[in-house]
Amino acid sequence: MGDIKHRDKENDPDRMMRKGDKLTKLSLTRWTSDWARATPYYEQAANLFKIAKKTEKAKEAHERAAMGQERLASPWHAGKHMESAGALAKELGLWNEVADFFRRASELYIESGKPQPAAEALSRGGRALEDGLPDEAVKMYLEAVGIFEEEQREQMAFDTYRSATSLYIKLQRYTDAATMLLRWGQSADKCKATSTQCKTCVGAVIVYLYAQDFKQAEQCQNDLSMIDAYFQSEQNRFAEQLLNAYREGNPEEVKHVVKSSGVINHLDHMIIRLAKQLPVGDISHLAESSGAGGEAAAEGLEEDDLT
Amino acid sequence: MSVIDILTRVDALCQKYEKYDLDRQRDAQISSTDGFLKLYTVLNADVETTLQKANEAATEKNRATVAALNAEVRRSKAALRNEIPKLEKLAPRKVKGLSREEMEARPDLVLALAEKIESIPEGTNLGNKRSSWGNSKSASNNKMEIKIDSVSPEDVMRPEQYEHSEESKGFRQDYETRKARQDQGLDTIAEGLSTLRNMAQDINEEMDRQVPLIDEIDSKVDYANAELRTTNVRLKDTVNKMRSSRNFCIDIILLCIVLGIAGYLYNVLKK
């Protein structure tokens with residue numbers, strides 16, 4: 001009853017929809033759709049449906065509004081509507097539609113000549129899809145990151161990198177996570193964000209260790225120590241200590257290194273969680289295998305040091 | 001006249017009236033071969049100046065100057081004490097032209113001088129004790145007094161001087177505990193500082209990210225502002241033209257004419 005009382009001409013979303021449809025449906029009397037007049041109706045209808053929490057209808061209204069804006073040659077607004085439609089579809093759990101909507105939104109943004117919002121739209125789509133279609137989400141993240149890198153706007157990409165990494169870790173795709181971290185580090189290097197760079201590098205080493213891939217971790221650490229900024233940082237020292245503890249095959253030492261270092265507290269929380277669980281698996285075998293090699297290397301160093 | 005002129009004139013005058021200068025003559029009478037007497041007079045003069053400084057220190061209000069004066073006094077006392085043995089050596093030497101009594105009196109003179117030196121107050125407690133080596137390391141405790149004294153050569157050579165006494169062991173421990181506490185405090189500060197550093201670095205990077213965005217906003221807003229201004233001006237012109245009084249009058253006149261024509265037609269048709 002209350003609904004009917006308050007519902008007047010202006011606030012009736014169904015009415016708005018009908019009006020819009022009337023203006024766009026082709027029939028004998030109407031040869032071309034009048035999108036210019038229909039679009040505001042659709043937009044209003046969409047807002048009202050959202051307030052009334054009629055998600056399905058709101059989504060439809062947004063879709064139509066987006067189509068209208070497209071026809072009116074304003075892809076920017078169309079993109080905005082598509083994103084709203086995508087967010088509503090996420091609430092409804094229609095994952096395929098979510099993916100489609102966000103992709104379309106991103107394309108529209110590119111059409112309007114604004115690649116950065118396009119990448120951001122893909123990133124938002126990825127976040128929306130994390131629960132439903134994680135693989136699709138990953139793909140969207142990668143696309144977003146690609147666009148950011150192309151446009152030289154890596155600084156805005158940090159958030160996307162972060163979400164992508166956390167998704168990979170959730171999916172337990174650790175090598176991918178480490179690769180993403182290294183890519184992040186590369187972007188940070190380009191923007192001269194040394195602090196972020198060092199943190200991501202250490203994160204990559206930790207992820208490799210967590211995945212029980214000691215060789216990769218060592219290789220990674222060696223590659224990274226070539227980078228000046230990383231080499232002089234405390235994160236590098238921490239990584240060295242960690243790897244040394246691993247080489248000795250001493251789990252107590254590893255735990256001690258992780259606990260006593262101040263570096264860990266400033267990393268991403270998901271990486272902190274991984275680090276707290278180190279060492280994973282049996283690392284005592286590493287002691288024997290790398291012990292002999294380590295000694296030879298140490299001796300070689302000493303001989304060279306006889307300057 | 002300049003200062004140099006004044007100096008030369010004063011020198012000339014002094015030279016002229018030299019024979020009236022009694023002090024100088026008295027000094028000159030003292031034979032240059034009497035080493036004892038020379039040294040004695042010099043030491044006496046030093047003792048007088050030191051005593052003067054000590055008196056000044058006693059009356060001075062400013063603690064810093066008091067400390068400085070006391071330090072001076074102590075220094076000169078130590079120097080004087082070192083000179084005493086030399087004087088003692090010179091005392092029994094025979095000098096021409098001196099009576100026997102004077103010769104005997106000389107060692108007494110030396111002793112008297114030594115006592116006088118010791119009695120000069122130096123701002124610390126009188127009656128210096130020859131305390132152990134460890135005291136010089138203690139922090140200024142309210143109960144402990146700072147005793148700074150010169151150590152004679154025999155004392156330095158004594159081996160017991162360098163071993164740990166009870167006091168020095170206590171001081172050592174005290175020092176260790178305080179150092180440990182300071183280290184603890186410093187560790188806490190270091191942790192806090194590292195957190196601050198990280199936060200500051202993150203803020204820095206965030207700001208770097210925001211700078212180009214704000215520049216973009218700036219230019220866009222400038223553009224919008226300019227557009228708005230021109231639009232406003234044009235709107236004002238248009239509105240003025242619309243409302244100009246000339247148009248208004250023309251409208252009224254035409255309206256009257258139309259009404260007149262309508263009235264005329266009405267009259268014609270009524271007939």
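We use all heavy atoms of the structure for the numbers below, so side chains are in, but hydrogens, waters and symmetry mates are not. A note on names: the letters A, B, ... follow the listed sequences, proteins ahead of strands, and every chain is numbered from 1.
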Quiz item: Is it the case that more than 12 heavy atoms not belonging to Glu176(B) sit under 6.0 Å from its CD atom?
Solution: yes
Exercise. Could you check if a side-chain atom of Thr194(A) sits within less than 4.5 angstrom of a side-chain atom of Gln201(B), using non-hydrogen atoms only?
Key: no
Quiz item: Is chain A contacted by the side chain of Asn204(B), its backbone, both, or neither, given a heavy-atom distance below 4.5 Å?
Solution: neither
Quiz prompt | Arg209(B) CZ to Thr196(A) OG1 distance, which is reported to the nearest 0.5 Å | solution = 7.0 Å
Quiz item: Rounded to the nearest 0.5 Å, how far does CD of Gln210(B) lie from CD of Gln155(A)?
Solution: 9.5 Å
Exercise. Check whether Glu191(B) gets within reach of chain A through its side chain, its backbone, both or neither, counting any heavy atom under 4.5 Å.
Key: neither
Quiz item: Contact part of Lys199(A) toward chain B, heavy-atom cut-off under 4.5 Å: side chain, backbone, both or neither?
Solution: side chain
Quiz item: More than 12 heavy atoms of other residues, nucleotides or ligands under 6.0 Å from NZ of Lys192(A): is that the case?
Solution: no
Practice problem: Locate the shortest heavy-atom distance separating Asn198(B) from His266(A); write the atom from each residue and the value. | Solution: ND2-CD2, 2.7 Å
Quiz item: Nearest 0.5 Å, what's the CG-SG distance between Asp208(B) and Cys191(A)?
Solution: 9.0 Å
Quiz item: More than 12 heavy atoms of other residues, nucleotides or ligands under 6.0 Å from CD of Glu166(B): is that the case?
Solution: no
Quiz item: If you look at every heavy atom in Glu234(A) and Arg197(B), which pair is closest and at what distance?
Solution: OE2-NH1, 3.6 Å
